[in-house]
*Asks:* 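Following this message is one structure expressed as structure tokens.
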Number of protein chains: 2
Amino acid sequence: MLEARLPQGAVLKKIVDAIKEIVSDANFDCTDSGITLQAMDSSHVALVSLLLTSEAFDPYRCDRNLTLGINIKTLVQILKCSGNDDVITLRAEEPADTLALVFEPPSLERISEYEMKLMDIDNERLEIPDTAYHAEITMAASEFQRICRDMQTLSESVTIEATKEGVKFSAEGELGSGSVTLKQGGSIDSSAETTTIELVQPTTQTFSVKYLVNFSKSTSLAGQVRLAMTAPLPMLVEYKISDCGHLRFFLAPKIDDEE
Amino acid sequence: MLEARLPQGAVLKKIVDAIKEIVSDANFDCTDSGITLQAMDSSHVALVSLLLTSEAFDPYRCDRNLTLGINIKTLVQILKCSGNDDVITLRAEEPADTLALVFEPPSLERISEYEMKLMDIDNERLEIPDTAYHAEITMAASEFQRICRDMQTLSESVTIEATKEGVKFSAEGELGSGSVTLKQGGSIDSSAETTTIELVQPTTQTFSVKYLVNFSKSTSLAGQVRLAMTAPLPMLVEYKISDCGHLRFFLAPKIDDEE
DNA sequence: TTTGAAACAT
DNA sequence: ATGTTTCAAA
């Protein structure tokens, strides 16, 4: 049986909002150490990987491994019935054919209980090795979101170029072309606005910008985002969830021209 | 070559926002003394005339006269990619087939560069003599905007009547009729709210109110607006841009009934 | 009031 | 999958 009380229920709402445009159905895999999710988008270009460790919950109990096959749209609907300050408790028994969600406001003056049906979902779970990347950029999540949206007005593709001086996002379209360059920030100043680049070798890759715009819906989850590239492998876009997990996206680069 | 650095980039954003509903394509004429634009709306009833003197820029450089044929919608899109506090630098080479725009936030931690394609636009540039008008009204720009919107709810036309006592805006429609009268303000008090009237002879003219509503989108550019009339010539609606230019609109009066 | 995002319907 | 309409936030 699973019983997981999430004091910060808003975190779950944000996570589900962030992935709902990308994934329609996904398995939530629950083990003793926490909950993970891995799913590809319908076009098999993007991969979502969520980790919520047991530390996110209080208390967390999972006797036996459980796989909860969830329709994301349904979960979004149900989570809409919770308040932003609510504590959310997840509960599932074996066999896992339903998931119970309990919403409690801080005042405890109200208890909402929902139960959603689960589904059987084929899971082709691929292990993603924790590679050492050639270029790792850490920057303000809001800045990344803004840049992706700006580039989207020009083109369907955006090219990301990481050098030791900085990172350059560029796009070219019918209206014209554009680029945004962020300089590597002073290492002393370590605010969320600081851009940091760790470089093994300069890297340039091109991506479908609509996926990046979708990924950047996770901006509310974390102040910073980490972009990690190793050509020609997929890029990793990571949002840390406090100290209790992360939401990762992987996006295959466009493989048209020279790189 | 043109290279013009506009410390107050927001001014350009406001100008373009103000004219985008009226003009679809326009030539930006760049000379040593500054940048001008003159364009008629599609129905040839209204004329827009912009002057941005070289003093608006720092620095400003224009070796040879350049005509930049700009699609306003495209420019709006690109300007959306700039922040409100950004410094905007315009750059064009000869032949002028592209315009480069550089956006820099005050922090300088980011540089955005856009390049838009230019077009060939027929310019029937008419010189507008700086007439002495029969009636000149200076009033709060926000007041003018409010009055135009109010009159629009009643009718498609508004009549402006300037006498030495004040100025009266009136409209008549199916719902009923209405008027707003502003008295000439005390000459001592010279706040933006003061209404001033300089009169050679009392003047009454009727205009299509939808154009005036469009003109008044420029309200954010200046505290005051100047209306200048000489029947039966077009009215001038002028917004001063600090001490470095103006945005002028000319609107032909309606010529149906008695005047 | 205007602008952008989300939901819905085609 | 895309366009349109509605709703919410700045």
Side-chain angles (χ1 to χ4, degrees), chain A residues 10 12-25 40-46 71-85 141-157 171 173-175 178 208-221 251, chain B residues 9-23 72-86 103 105 140-154 180 209-223 225 239 247:
Chain A
L12 183 62
K13 289 168 68 109
K14 287 177 187 170
I15 290 168
V16 173
D17 270 338
I19 67 175
K20 71 179 179 201
E21 302 293 330
I22 303 169
V23 178
S24 57
D25 305 293
M40 300 211 66
D41 84 297
S42 57
S43 62
H44 277 235
V45 177
N71 175 274
I72 302 295
K73 285 270 189 303
T74 305
L75 182 56
V76 166
Q77 290 301 323
I78 290 181
L79 287 174
K80 272 185 188 162
C81 304
S82 75
N84 249 101
D85 300 326
S142 56
E143 180 83 40
F144 179 64
Q145 184 172 45
R146 172 70 195 269
I147 291 170
C148 290
R149 285 179 179 170
D150 285 351
M151 293 296 106
Q152 193 177 222
T153 65
L154 293 174
S155 167
E156 294 183 343
S157 303
E174 291 164 15
L175 301 178
S208 167
V209 73
K210 75 172 179 191
Y211 287 99
L212 298 183
V213 168
N214 264 143
F215 298 168
S216 68
K217 298 237 167 87
S218 307
T219 297
S220 58
L221 271 175
L251 181 62
Chain B
V11 168
L12 184 60
K13 289 169 69 112
K14 287 177 186 169
I15 290 169
V16 173
D17 270 338
I19 68 175
K20 71 179 178 199
E21 302 293 332
I22 304 169
V23 179
I72 302 296
K73 284 268 188 308
T74 303
L75 183 57
V76 167
Q77 288 298 323
I78 289 179
L79 286 174
K80 273 186 190 161
C81 303
S82 74
N84 250 101
D85 300 325
D86 284 5
F103 307 143
S142 55
E143 180 83 40
F144 179 63
Q145 183 172 46
R146 174 66 196 271
I147 290 170
C148 291
R149 284 179 178 169
D150 287 351
M151 294 296 107
Q152 192 177 223
T153 65
L154 294 174
V180 178
V209 72
K210 75 173 180 192
Y211 287 98
L212 299 183
V213 168
N214 263 141
F215 300 168
S216 68
K217 298 238 166 83
S218 308
T219 297
S220 58
L221 270 176
V225 62
Y239 295 86
L247 183 54

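Each chain gets a letter, A, B and so on, in the order the sequences are listed, and its residues count up from 1. Predicted, not measured: the structure shown is a model, and the values here were computed from it. Any value given below was found using the heavy atoms of this structure, including those in side chains, with hydrogens, waters and symmetry copies removed.
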*Asks:* How many Å lie between CD on A:Glu21 and P on C:dC8, as a whole number?
*Replies:*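 After rounding, the gap between these two atoms is 12 Å.
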*Asks:* Using a cut-off of strictly less than 4.0 Å, decide whether B:Lys20 has a side-chain nitrogen or oxygen near OP1 or OP2 of C:dT2.
*Replies:*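 Result: no.
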*Asks:* Check the distance between C:dT3's P and B:Lys14's NZ and give it to me in whole angstrom.
*Replies:*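 Rounding to the nearest Å, NZ of B:Lys14 and P of C:dT3 are 15 Å apart.
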*Asks:* Would you call A:Lys14 and A:Asp17 a salt bridge, taking side-chain N to carboxylate O under 4.0 Å as the test?
*Replies:*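 Salt bridge: no.
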*Asks:* Hey, is the main chain of A:Ser216 close enough, under 3.5 Å, to the side chain of A:Gln145 for a donor-acceptor pair?
*Replies:*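 Answer holds: yes.
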*Asks:* Would you say a side-chain N or O of A:Lys80 is under 4.0 Å from OP1 or OP2 of C:dA7?
*Replies:*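 Yes.
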*Asks:* If we ignore hydrogens and angles and just use 3.5 Å, is the side chain of A:Asn71 paired with the main-chain N or O of A:Leu75 as donor and acceptor?
*Replies:*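 Side chain of A:Asn71 to backbone of A:Leu75, a donor-acceptor pair under 3.5 Å: no, none is there.
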*Asks:* Round to the nearest Å and state the distance from B:Lys13 atom NZ to D:dA10 atom C1'.
*Replies:*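 Atom NZ in B:Lys13 sits about 14 Å away from atom C1' in D:dA10.
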*Asks:* Tell me: CG of A:Asp17 to C1' of D:dA8, nearest whole Å?
*Replies:*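 Taking CG of A:Asp17 and C1' of D:dA8, I get 15 Å after rounding.
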*Asks:* Quick one: is C:dG4 close enough that its OP1 or OP2 comes under 4.0 Å of any side-chain N or O from A:Arg146?
*Replies:*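 Answer no for this pair, as no side-chain N or O of A:Arg146 is under 4.0 Å from OP1 or OP2.
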*Asks:* Whole-Å distance between D:dT2 P and A:Lys210 NZ?
*Replies:*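 So the two atoms are 7 Å apart, to the nearest Å.
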*Asks:* In whole angstrom, give the distance that lies between atom CG of B:Asp150 and atom P of C:dT1.
*Replies:*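 Taking CG of B:Asp150 and P of C:dT1, I get 9 Å after rounding.
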*Asks:* Does a donor on one side chain and an acceptor on the other come within less than 3.5 Å for B:Ser82 and B:Lys13?
*Replies:*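 The criterion, which ignores hydrogens and geometry beyond distance, is satisfied for B:Lys13 and B:Ser82.
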*Asks:* Under 4.0 Å from OP1 or OP2 of C:dA5: is there any side-chain N or O of A:Lys217 that close?
*Replies:*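 No, A:Lys217 has no side-chain N/O under 4.0 Å of OP1/OP2 on C:dA5.
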*Asks:* Please check the phosphate of C:dA5 (OP1 and OP2 only) for any side-chain N or O of A:Arg149 closer than 4.0 Å.
*Replies:*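 Looking at the OP1 and OP2 atoms of C:dA5, one of them is under 4.0 Å from a side-chain N or O of A:Arg149.
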*Asks:* Distance check needed: C:dT2 C1' versus B:Asn84 CG, whole Å only.
*Replies:*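 Taking CG of B:Asn84 and C1' of C:dT2, I get 14 Å after rounding.
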